[in-house]
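Numbers for residues simply follow the sequence, beginning at 1. Ligands are counted one by one from 1 in listed order, and the atoms in each one are counted from 1 as well.
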Amino acid sequence: MKQNTTNNQNLVKNETSNAKNRSVLQVTTAKTTLEGEGFVVHRAFPNHSLREFDPFLLLDEMGPIDLSEGEAKGAPDHPHRGFETVTYMIDGVFEHKDSQGHSGKIRAGDVQWMTAGSGVIHSEMPEKEFSQKGGTLHGFQLWVNLPKKDKMMKPRYQDLPADKIPIVQNDGVKVKVIAGESMGKQAVIETRTPIMYLHFTLQPGAKVTQTIPQNYNAFAYVVNGKGLFGDEQKPAHKEQVILFEQDGNKIAIKAPNDTESPLDVLLIAGVPLGEPVARYGPFVMNTEEEIRQAVLDYNSGKMGKIDF
Ligand code: FE2
């Protein structure tokens with residue numbers, strides 16, 4: 001017993017001495033662009049300074065836009081193959097339909113984790129009723145790459161209503177655990193490769209140190225307010241994306257004392273796949289040949305159609 005106690009103490013000591021806060025690799029600002037029928041998105045990446053951040057292919061902030069009557073625009077029927085789309089609504093209601101016969105509404109606070117796999121055709125539109133009434137539409141779409149072995153898997157959905165997403169609050173910090181684990185709570189979503197997707201809200205002066213496995217790539221996106229990031233407390237603000245160095249197993253985020261509004265930030269991380277990426281619009285495969293096949297399969301109707 002004595003021996004064990006000593007070993008445990010050593011372990012704790014070693015863990016503490018090995019703990020290292022990650023530094024910031026780069027801070028960039030999202031580019032405003034139009035998607036689908038012309039709805040405004042702030043694209044964190046890809047852009048000219050960042051093509052992808054393995055295993056992540058894209059992060060779009062949809063809106064926030066105030067819809068007045070008749071203005072609602074969305075993304076009508078379009079295909080995907082080879083990756084996952086993760087839709088997280090902050091405000092408003094999106095309606096989803098696809099070639100597998102699946103349909104549903106994604107309301108404020110809900111998450112839809114769609115594994116496109118071998119291919120789906122879907123439409124993503126502001127809900128009719130919501131658009132007619134008007135209101136704020138605000139959400140996020142993240143594209144997560146699939147490993148080679150899963151690119152042609154059967155498409156699947158995980159619909160995660162807001163009330164199933166664990167929330168922890170402590171010392172001015174609130175976290176919604178969409179994927180992975182934070183502040184002692186585990187997400188309910190199942191991911192193909194290890195992914196962490198956390199939504200933090202920090203009151204002025206609050207700070208959080210999130211454990212991140214050493215082998216994960218990690219980035220943050222500021223939804224609202226201002227924050228100080230990483231070991232060097234690098235400042236970043238709304239619509240900025242912060243990439244962290246891979247070296248280290250903790251990420252520190254702080255809301256400055258002198259700020260008036262809380263800091264709202266997404267912290268997203270995952271194990272890089274380290275595989276070749278061939279991408280063409282809504283298809284993300286490993287080779288150009290597989291992209292050509294995806295286009296052929298789409299054009300010949302093999303991905304089905306939305307017929308309801
Ligand atoms: Fe889509």
Could you check Gln158, Arg156, His96, Gln100 and say which one makes a side-chain contact (heavy atoms from CB on, under 4.5 Å) with Met114?
His96
For Arg22, what residues pass the side chain to side chain donor-acceptor pair (under 3.5 Å) criterion, not counting sequence neighbours?
none
Using 2.8 Å as the cut-off, note every protein N, O or S atom close to the Fe ion (ligand 1).
His78 NE2, His80 NE2, His122 NE2, Glu124 OE1
Please round to the nearest 0.5 Å and tell me the distance separating atom CE of Met285 and atom CZ of Arg292.
12.5 Å
side-chain contact (heavy atoms from CB on, under 4.5 Å) test vs Ser182 passes for just one of His199, Lys176, Gln210, namely Gln210
Under 6.0 Å from the NZ atom of Lys148, do we count more than 12 heavy atoms belonging to anything else shown?
no
If two hydrophobic side chains count as joined below 4.5 Å and joins carry through other members, does Leu146 share a cluster with Val120?
no
